[in-house]
Amino acid sequence: MSIYDNLNDRQKEAVLNVEGPMLVLAGAGSGKTKVITTRIGHMIKDIGIKPWNILAITFTNKAAKEMKERVEDIDGVDASDVWVSTFHSFCVRILRMEIENLGYNRNFVIYDGNDQKTLVKECLKELNISDKLYPVNSVMGKISSKKNELIEPMQYLKETEDDFRENVYANIYRLYQSKLEKNGALDFDDLIGMTVKLFKTREDILSKYQNRFKYIMVDEYQDTNTAQYTLTRLLAIAHTNLCVVGDDDQSIYSWRSADIKNILNFEHDFDNVKVVKLEQNYRCSQNILNAANEVIKNNISRKSKTLWTDNNEGNKIKYFVSDTEKEEARFITDQIAKSVRGCERIYSDFALLYRTNAQSRVLEEYLVKKGIPYALFGGTRFYERMEIKDVISYLRTVLNPIDDIAVKRIINVPKRGIGNTTIEKVAKIAREENLNFYDVLGRASDYTELKSPATKLKTFHTMIENLRNQMESLGLSMFIEEVLTEVGYVASYENENTIEADGRVENINEFISKAVEFENENEDATLESLLEEISLVADIDGLKEDADTVKLMTIHSAKGLEFPVVFLTGLEDGIFPGYRAMTSENENDMEEERRLCYVAITRAKQELYMTHAVSRLTHGRVQYNRVSRFMDEIPKELIDDSLAPKKKVNKEYASNETKINDFFKKNVYNKVEKPKNIEINYSEGDIVSHMKFGKGTVIKINPAGADYEVTVDFTKVGEKKLMSTFAKLKKV
DNA sequence: GCGCGAGGAGTTTTT
DNA sequence: CTCCTCGCGC
């Protein structure tokens, strides 16, 4: 039996076409991973392409690992020399070898989101800019998006000369970048950006890698941003053996600067692009797939593609309305408990998906109450926990003492009597003398300002120096333990004797065991490689599918996964689609939200529940939300709503009417929820025009919540349901 | 320098 | 509701 026997014709076509550029449009559940892995197998086994000439890029480490394993499983293929990695780890690998060409030290550390935040705060302080006017989050977002667009500080400064506000951002960006450099650090975006810079400035280095990676594959291509796109293009342009795989309907990362145009325009980027569409879905039941198709067809900007399946019709989609988010959680956990008790399902058959991490709380509460084992992904990640970050900062300090952020974080943890005033003084001196924070500690006695804390600072400095000297002789995990005892970190928690502190100690122990594990798995494990691994793992990478637990995660994290039974929760306007998308001027935001819904629905293999809570506690206030518009887009005949109590009007809800109105008045929601201000100058039967859809006839106008839902039959795109506030229809 | 308590601000989504 | 910052008293 050959490795191609269980492929369909389209899949086979994609597998066998190895030379030249190819776009594989792979719908949800269409066997995309199988195609990629078989293709690699084919290249090595049948064509004789050398494994080390192949590069496959994925989005998560988990996907990379899985892909590699599946290639290795193919008979007679040795995949150990194939590079399968994420964009970020690919770049780190290149940079560790080459970054000195850009004047950086190859021991650079990688700053995560929290480190970035701290650094931005420092910048604002130093530039005397108020974080009220320039909120830290927006500064970070701005810097990140500039980096993803490959715009460097100087260029940005120049571009914004005439725009005061933007220019301030540019200034912060410049300082931020120089601080990163001084600390010997790169942030996530730099990993990609620096690699691109390297390839752009050094043709010799670029061609070395072009010749190394003659065959390139990129998975989830719809999620690439400009920097990643450029990187791919640079690498592939010499041999043009580039195969990109993706699905424009599953593009859900535009907020991270992913540009859907990268996949939509791929055919124009290279000559003679072969396009293969994988439209047969092997995952979902007929009903589930139909629902997904019905939802996604409301999007305008997409490549035409219709998924079909041979699978059974399956059950209808179960829709459940509850009064509160608590009842929603109770219903879900009841259903799970019932079918496990009846031996129809095991816990790991279920996934609970939600739009925002905050929604997981109630669900957890009820899972615990019912004694259902579960695994939660997202939220605060293991490596982001305070105590773990502290430990890591110690390691970073020992390894790379110019990393000011790490040094400042732990200099007074546990308490050493080095307070904020002292830290500020040291920082000021460091700035003035153009030294690193740590350097000043070593010569504290030279400065009169540091007279009183000098001994404490020196002691800290000596301790770190001593630790560094032991690094070589002790093994990795031994060294970590040595650091923790020497520093007195664990002891300080043990003395606390609180449940919280015990939990922290437990986490630290887990960290040590992870280090041991890492040491066992990698022969040449070093502190650098451990820290690197830590900074690049995603939460989802730790997913153990075999554990018999219910899985909880955001829809974003669920991408690429599948489950027999999915509960899609919080189907409310304002939650999903989120409030942001509902009020956005930009039609694309709602479309992305809809794609997210498409992704969510297509995670389910056999059964899909969609739940909606009429009222929900958010920010400590009760919010009343109408059912999600996405729910309305699913035809009634696909839905079983018999679980829901018959459209009863909850007494409390009714009597709360006045309160609700008060709430809306006070709340930003009045922007969308108050129909008063909406004027519609057209009525049923009128011809109207829309910015994107062109001309059409108004079929129906319904009051929907606080807005009007207008059904229009457009000449070009057919029937559409629009909210009058956003559609901005004009009577012709 | 440190700890506590009050008050304010803030929520998508993550490599 | 919860996390974080700030200011005060020790």
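Each chain gets a letter, A, B and so on, in the order its sequence line appears, and its residues count up from 1.
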Salt bridge (charged side-chain N to carboxylate O under 4.0 Å, His left out) involving [X] - partner list, sequence neighbours excluded:
X      : value
A/R302 : A/D249
A/E562 : A/R283, A/K605
A/E528 : none
A/K32  : A/D219, A/E220

Practice problem: Consider only side-chain N and O atoms of A/Y489 and A/D390, and report whether a donor and an acceptor are under 3.5 Å apart. | Solution: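 Short answer, yes.
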Self-check item: Between A/Y111 and A/D403, a side-chain donor and acceptor under 3.5 Å
Solution: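 Yes.
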Exercise. Taking only the side-chain nitrogens and oxygens of A/S557, find out if one of them lies under 4.0 Å from OP1 or OP2 of B/dT14.
Key: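 A/S557 to B/dT14 OP1/OP2: side-chain N or O found under 4.0 Å.
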Expressed as a whole number of angstroms, how long is the span from [X]:[atom1] to [N]:[atom2]?
X      : N      : atom1 : atom2 : answer
A/E592 : B/dT13 : CD    : C1'   : 9 Å
A/M140 : B/dT14 : CE    : P     : 14 Å
A/L95  : B/dT15 : CG    : C1'   : 15 Å
A/I143 : B/dT14 : CD1   : P     : 21 Å
A/N148 : B/dT14 : CG    : P     : 16 Å
A/Q623 : C/dC1  : CD    : C1'   : 13 Å
A/R603 : B/dT13 : CZ    : P     : 19 Å
A/Y598 : B/dT13 : OH    : P     : 24 Å

Quiz item: For atom C1', what is the distance between C/dC6 and B/dT11, given to the nearest Å?
Solution: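 After rounding to an integer number of Å, I get 23 Å for this pair.
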Practice problem: Report the residues that fulfil ring-ring contact (aromatic ring centres under 6.0 Å, His included) with A/Y169, sequence neighbours left out, ordered by chain and then residue number. | Solution: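 A/Y134.
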Self-check item: Any residue meeting ring-ring contact (aromatic ring centres under 6.0 Å, His included) with A/Y209, in chain and number order, not counting sequence neighbours
Solution: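 ring-ring contact (aromatic ring centres under 6.0 Å, His included) check on A/Y209 returns A/F199.
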Exercise. Tell me, yes or no, whether the heavy-atom count around A/K197 atom NZ, taken from other residues, nucleotides or ligands under 6.0 Å, exceeds 12.
Key: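 Atom NZ in A/K197 is not crowded, with 12 or fewer foreign heavy atoms closer than 6.0 Å.
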Look for any protein N or O under 3.5 Å of an N or O in nucleotides 3-6 of chain C and output each such pair with its distance, or none.
from	atom 1	to	atom 2	distance (Å)
C/dT5	OP1	A/K121	NZ	3.1

Quiz item: For A/W255 and B/dT13, are the ring centres under 5.5 Å apart with planes inclined under 30°?
Solution: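 Taking the rule of under 5.5 Å and under 30°, the ring of A/W255 does stack on B/dT13.
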Quiz item: Just by protein heavy atoms under 4.0 Å, how would nucleotides 1-6 of chain B read 5' to 3' in B, S and -?
Solution: SSS---
Self-check item: Residues that A/R616 engages under side chain to side chain donor-acceptor pair (under 3.5 Å), provided they are two or more places apart
Solution: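 Expected list: A/E328, A/E572.
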Quiz item: Touch check for A/F59, heavy atoms < 4.0 angstrom, all strands: base, sugar-phosphate only, or nothing?
Solution: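 Sugar-phosphate, backbone atoms only, no base.
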Quiz item: Going by the salt bridge (charged side-chain N to carboxylate O under 4.0 Å, His left out) test, which pairs reach into residues 85-97 of chain A, not counting sequence neighbours?
Solution: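 Only A/R96-A/E532 qualify under salt bridge (charged side-chain N to carboxylate O under 4.0 Å, His left out).
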Atom pairs under 3.5 Å: protein N/O with N/O of nucleotides 9-11 of chain B:
from	atom 1	to	atom 2	distance (Å)
B/dT11	OP1	A/N137	ND2	3.4

Quiz prompt | Residues forming a side chain to side chain contact (heavy atoms under 4.5 Å, CB included) with A/K117, sequence neighbours excluded | solution =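 Counting only residues at least two positions away or on another chain, A/K117 forms a side chain to side chain contact (heavy atoms under 4.5 Å, CB included) with A/K121, A/V136, A/N137, A/M140.
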